[in-house]
Amino acid sequence: MDLNPILSRVDADLPAAMDRLLELLRIPSISTDPAFAEDCARAADWLVADLQSIGFAASARPTPGHPMVVAHYDGPPDNSGPHILFYGHYDVQPVDPLDLWDRAPFDPAVEETAKGPVIRGRGSADDKGQLMTFIEAFRAWKAEKGSLPFKITVFLEGEEESGSPSLIPFMRDNAAELRADLAMICDTGLFESKVPAIVTMLRGLLGEEITIHGPNKDLHSGMYGGAAINPIRVLNKVLASLHDETGRIAIPGFYDGVRELSDEMRSQWQSLAFDHAAFLGDVGLSVPAGEQDRTPLEMLWSRPTAEVNGIWGGYIGAGSKTVLPAEAHAKLTFRLVPGQDPLDLREKFRAHVRAQLPADVTVEFHAHGASPAGEMTVDHPAFQATRAALSEEWGRPAAFVGCGGSIPIAGYFKTELGMDALLTGFGHDDDQIHSPNEKYAVESFHKGIRSWVRVLARLAG
Ligand code: BES
Ligand code: ZN
């Protein structure tokens with residue numbers, strides 16, 4: 001098939017496509033903060049209208065949380081060709097700390113940078129810019145050819161950044177409607193910002209919040225200090241006990257079930273020649289801080305972590321205050337790898353904490369999200385087709401890589417719907433996702449759209 005007319009249309013339509021993306025980026029769809037619930041619904045409605053405009057039967061489906069967008073495009077009358085589901089998420093992370101942004105996070109714009117033009121704004125790379133790459137590819141294809149080449153379902157979530165609480169019930173309730181031959185997930189990046197990449201291993205995530213209680217009220221540390229236990233001291237001991245001096249996680253049983261990398265993956269990753277000095281150098285660091293007997297790529301992609309994300313308690317205002325606080329708090333997340341069961345690890349973590357509490361101290365646990373790691377089998381013929389399409393567009397062979405981040409649905413397609421999932425995306429390591437000044441390269445957006453056109457053509461056969 002001659003793709004040039006479609007690709008030329010993508011090129012010519014790029015300014016209009018960017019305008020559409022900027023419109024979507026102006027909607028502050030922060031899923032984790034209830035104050036933005038209406039904006040999440042607005043983003044879902046915007047996407048429904050956009051998908052309808054290119055011929056999809058689209059609707060926003062209510063959930064106990066934010067709506068899901070589900071849209072269908074019927075394939076050819078003879079039902080030939082595959083049925084592919086495309087997934088992205090329209091929700092975004094909170095914007096704080098706001099004072100570190102160079103422009104308002106929801107007033108997006110195209111900016112020139114030393115590395116080329118970028119679209120600046122919250123959600124530009126994670127994930128609105130990415131999900132619009134496949135929608136724009138559908139638009140260009142339809143405009144040029146009159147119809148899309150096979151049956152397509154689009155599934156856009158509004159709770160990915162808050163752990164996807166409504167996802168499993170929704171997938172179960174709508175299983176027949178969502179089941180397709182394969183899911184394509186567009187929410188990841190290029191390898192080292194230049195090589196197109198298909199993710200075959202993705203870490204899971206377990207969230208916990210703990211409160212350590214000591215005395216029944218805040219105390220004067222002169223009157224009680226020495227005799228009264230300080231909950232911050234207990235919290236520090238507990239947090240310091242999570243790792244040993246070699247970087248290994250010291251919670252008993254934490255590595256139960258963790259598998260060594262297969263020979264095939266090990267050699268795939270070795271061939272990537274990852275520049276860890278540049279990777280760490282870009283963020284002002286120099287020495288990999290994980291398990292000392294592991295390579296940096298293993299630390300990032302195939303080994304679990306325990307991280308403290310926030311810690312508070314006592315007096316943190318201006319000046320000094322001699323308080324002996326009643327409570328101390330921390331938020332933690334664990335990145336998980338295949339073989340680890342999130343709920344089992346939650347209990348192991350809790351037991352490890354309880355075992356260290358001195359007299360008079362109690363602990364309260366609050367559970368945050370839990371999703372297992374995902375391991376993608378690459379047997380489905382679509383993997384080779386997508387690899388070829390990406391290599392063609394980017395001029396370099398596409399790599400099979402791991403991803404240290406988490407996308408809860410990646411594993412659920414298999415466990416809930418029996419489908420394989422293929423993860424690819426066009427983000428750069430320095431897109432500052434989840435951080436101030438998030439951006440998406442115009443090149444990522446443009447070549448991302450062109451990549452999907454090539455993928456559609458290959459999948460159509
Ligand atoms: N798009 C990211 C996942 C990602 C991170 C891909 C880094 C490539 C590189 C996704 O939206 C995300 O941030 N997920 C959260 C999941 C969590 C809130 C359940 C994450 O990984 O922290
Ligand atoms: Zn994302």
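Everything numeric in this text was worked out from a predicted model, so none of it was measured. All ligand and atom numbering here is 1-based and tracks the order in the structure.
Between Phe426 and Trp394, the ring-plane angle classifies as parallel under the 30° and 60° cut-offs. Taking the six-membered ring for Trp and thresholds of 30 and 60 degrees, Phe170 and Phe155 have nearly parallel ring planes, at less than 30 degrees apart.
Taking 2.8 Å as the threshold, Asp126 counts as a candidate ligand of the Zn ion (ligand 2), since one of its N, O or S atoms lies below it. Coordination check, Asp187 versus the Zn ion (ligand 2): passed, since an N/O/S atom of the residue sits under 2.8 Å.
A cation-pi arrangement is found for Arg248 relative to Tyr255, the charged atom lying closer than 6.0 Å to the ring centre and inside a 45° cone about the ring normal.
Those atoms of ligand 1 with a heavy atom of His89 less than 4.0 angstrom away are 11 (O). Atoms of ligand 1 found under 4.0 Å from any heavy atom of Glu161 (numbered from 1 in listed order, with element): 11 (O), 12 (C), 13 (O), 18 (C). Each of the atoms 17 (C), 19 (C) of ligand 1 lies under 4.0 Å from some heavy atom of Leu205.
Side-chain N/O atoms of Arg335 and Ser406 include a donor and acceptor closer than 3.5 Å.
Of all the heavy atoms of Gln130, none lies under 4.0 Å from any atom of ligand 1, so neither backbone nor side chain is involved.
Among the atoms of Gln93, none of the N or O lies under 3.5 angstrom from an N or O of ligand 1. Checked against a 3.5 angstrom limit, the closest N/O atoms of Glu160 and ligand 1 fall inside it.
Side-chain contact check for Lys439 versus Glu111: every heavy-atom pair is 4.5 Å or farther apart.
Under a cut-off of 6.0 angstrom, the local environment of CD1 in Ile316 is sparse, with at most 12 non-hydrogen atoms contributed by other residues, nucleotides or ligands.
At the top of the distance list for atom 8 (C) of ligand 1, counting protein heavy atoms only, stands Cys403 SG, 3.6 Å.
Phe138 has its ring centre no less than 6.0 Å from the ring centre of Tyr73.
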